[in-house]
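To keep things clear, I will list the structure first and then write my remarks on it.
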Amino acid sequence: MSFSISRRATLRAALVAGIGAAALAGGLAPASAQGVTLRLSSPASPTDQRALALTEVFAPAIKDVATFQPHWNATLFKQGTELEAIARGNLEMSITSAQELAALIPAWSIFTAGYLLRDADHQKKVFASDVMDGVKKMAEDRLGVKLLSVMYLGRRQVNLRTEKEIRTPEDMAGLKLRMPGTEAWLFLGKALGANPLPLAFTEIYTALQSGAVDGQDNPLPTVRDSKFYEVTKQIVLTSHLVDQNYLAISKRVWDRFTPAQQAVIQKAADDSAERGRQRQLALEAELEAFFKEKGLKVYTPDVDAFRKKVQAEYAASKFAADWPAGLIDRINAVR
Ligand code: KDO
């Protein structure tokens with residue numbers, strides 16, 4: 001799926017206008033939420049730690065309030081179309097990202113910047129702080145999407161089918177690096193020094209196998225879960241993004257639950273996010289040895305060189321123009 005920027009802008013305008021109309025119409029009448037089915041669509045595999053946390057923790061915790069119905073491997077909606085589906089009332093939940101939100105609300109782009117968040121703990125505290133109140137409210141008011149919890153995906157690493165040693169961003173020149181298909185992701189791929197190519201998550205394995213791309217970037221748990229190590233030769237530990245997803249629910253559906261039901265859903269979202277976070281962190285600690293046993297080279301490049309280049313690219317970018325003054329400092333000040 002590759003949207004031209006002009007098509008995206010048209011879509012964005014139509015989407016925001018449509019939601020505004022629905023909001024003005026007062027949405028759906030309040031009613032008991034009994035018998036509500038919460039369909040979630042995600043490109044994640046069912047064995048990914050975020051998926052396991054939702055099926056093993058979230059679903060049973062909310063069973064007296066609503067029925068959780070996950071659709072993995074993008075089998076219900078293509079990656080990147082879930083927010084529009086929620087806004088149009090065709091889907092209740094998704095695992096979204098700042099990169100997807102930024103495609104519709106530019107102020108979200110600050111949370112797509114490489115080398116911004118320090119680690120999983122910082123990510124969790126930033127989400128829980130008031131630092132994100134403004135952008136969260138924009139998602140609710142403009143898209144009709146409420147963000148329930150932040151899900152730790154892991155530190156994104158460069159994963160290549162080529163053998164050339166990578167020390168600095170200059171060594172990435174010319175490499176066809178698959179990135180997810182939004183503008184913010186493509187910018188990150190370019191900031192790393194590569195030639196970014198947009199491709200859906202579910203198409204990565206075959207693209208690596210055929211050589212259509214030279215590599216991809218994802219956290220170590222994803223490289224294991226999706227078996228990308230079978231069709232790649234090295235993992236370059238750039239740790240260029242402490243990656244995060246947000247468990248998202250339709251605001252209209254959320255507002256139909258009673259406060260007590262909302263509290264059950266919120267606690268289930270927090271508990272499943274924490275379970276997934278701990279599992280991802282444990283995997284990150286052990287997977288380097290696993291990939292080396294599988295014959296991949298796994299090593300740390302000149303991370304400072306990558307950090308300096310990526311941060312300079314963002315600071316000079318058009319994205320930075322949308323960032324509220326002082327927000328970077330407020331994010332860094334969260335401890
Ligand atoms: C990906 O497409 O590389 C990505 O990691 C982007 C994330 O935001 C998220 O969409 C993720 O895919 C999917 O959940 C599959 O793990």
Side-chain angles (χ1 to χ4, degrees), residues 1-3 40-55 70-86 91 93-104 108-109 111-114 116-117 123 127 145 147 149-160 176-189 192 194 196-208 213 215-229 232 235 238-248 272-273 276-277 279-280 283-284 287:
M1 172 199 75
S2 56
F3 272 41
L40 175 139
S41 182
S42 168
S45 79
T47 51
D48 175 279
Q49 290 308 324
R50 291 158 298 153
L52 293 174
L54 288 173
T55 49
H71 296 266
W72 307 114
N73 298 318
T75 49
L76 189 58
F77 285 95
K78 283 185 182 176
Q79 181 180 29
T81 66
E82 301 94 339
L83 288 175
E84 180 190 349
I86 290 174
L91 183 67
M93 296 185 77
S94 80
I95 300 176
T96 190
S97 63
Q99 290 83 358
E100 290 173 354
L101 289 158
L104 300 167
W108 268 97
S109 67
F111 295 100
T112 72
L116 175 71
L117 298 175
Q123 177 184 103
F127 184 81
V145 170
L147 304 181
S149 59
V150 60
M151 307 182 95
Y152 178 63
L153 192 53
R155 285 169 286 125
R156 290 181 87 93
Q157 316 294 357
V158 170
N159 176 212
L160 303 174
K176 295 181 291 186
L177 185 68
R178 174 272 171 185
M179 298 302 289
T182 65
E183 194 183 10
W185 278 120
L186 295 171
F187 185 85
L188 178 55
L192 287 166
L197 292 178
L199 191 69
F201 179 81
T202 46
E203 295 168 35
I204 296 176
Y205 189 96
T206 46
L208 288 168
V213 297
Q216 65 92 30
D217 82 312
N218 255 289
L220 300 185
T222 300
V223 175
R224 206 270 303 260
D225 182 60
S226 293
K227 298 183 170 40
F228 297 151
Y229 62 87
T232 52
I235 298 174
T238 48
S239 295
H240 53 274
L241 187 74
V242 177
D243 204 5
Q244 57 189 333
N245 283 150
Y246 309 109
L247 184 60
S272 52
R277 182 176 301 109
R279 290 285 179 88
Q280 299 280 44
L283 282 172
E284 285 188 304
L287 283 176

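Each ligand, and each atom within it, is numbered from 1 in the order the structure gives. From a predicted model like this one, the values you see are computed outputs, not experimental measurements.
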Indicate, as side chain, backbone, both or neither, the part of T222 found under 4.0 angstrom from ligand 1 when only non-hydrogen atoms are considered. neither

Between the main-chain N or O of F77 and the side-chain N or O of S41, is there a donor-acceptor pair closer than 3.5 Å? yes

Using the side chain to side chain contact (heavy atoms under 4.5 Å, CB included) rule, pick out the option among L208, V223, L287, I235 that qualifies with Y229. V223

Protein heavy-atom partner closest to atom 5 (O) of ligand 1 - residue, atom, separation in Å: N218 OD1, 2.8 Å

Suppose I only count heavy atoms of P180 and a 4.0 Å limit; which atoms of ligand 1 are within that range? 1 (C), 2 (O), 3 (O)

Any donor-acceptor pair under 3.5 Å from N245 side chain to T96 backbone: yes

Minimum-distance protein heavy atom relative to atom 16 (O) of ligand 1: R50 NH2, 2.7 Å

Please check if the side chain of E82 supplies one atom and the backbone of I95 the other of a donor-acceptor pair under 3.5 Å. no

Any donor-acceptor pair under 3.5 Å from R50 side chain to Q280 backbone: no

What protein heavy atom sits nearest atom 13 (C) of ligand 1, and how far off is it? P43 CG, 3.7 Å

Evaluate R178 for polar contact with ligand 1, using N/O atom pairs at a separation under 3.5 Å. yes

Would one find an N or O of R156, backbone or side chain, under 3.5 Å from an N or O of ligand 1? yes

So which bit of L153 gets within less than 4.0 Å of ligand 1, heavy atoms only: side chain, backbone, both or neither? side chain

Nearest protein heavy-atom contact for atom 10 (O) of ligand 1: which residue, which atom, what distance? Q79 NE2, 3.2 Å

Under a 4.5 Å cut-off applied to non-hydrogen side-chain atoms, are I204 and N218 in contact? yes

Look only at the side chain of Q244 and the backbone of M151, and say whether a donor-acceptor pair between them is shorter than 3.5 Å. no

Identity and distance of the protein heavy atom lying nearest atom 9 (C) of ligand 1: N245 OD1, 3.8 Å

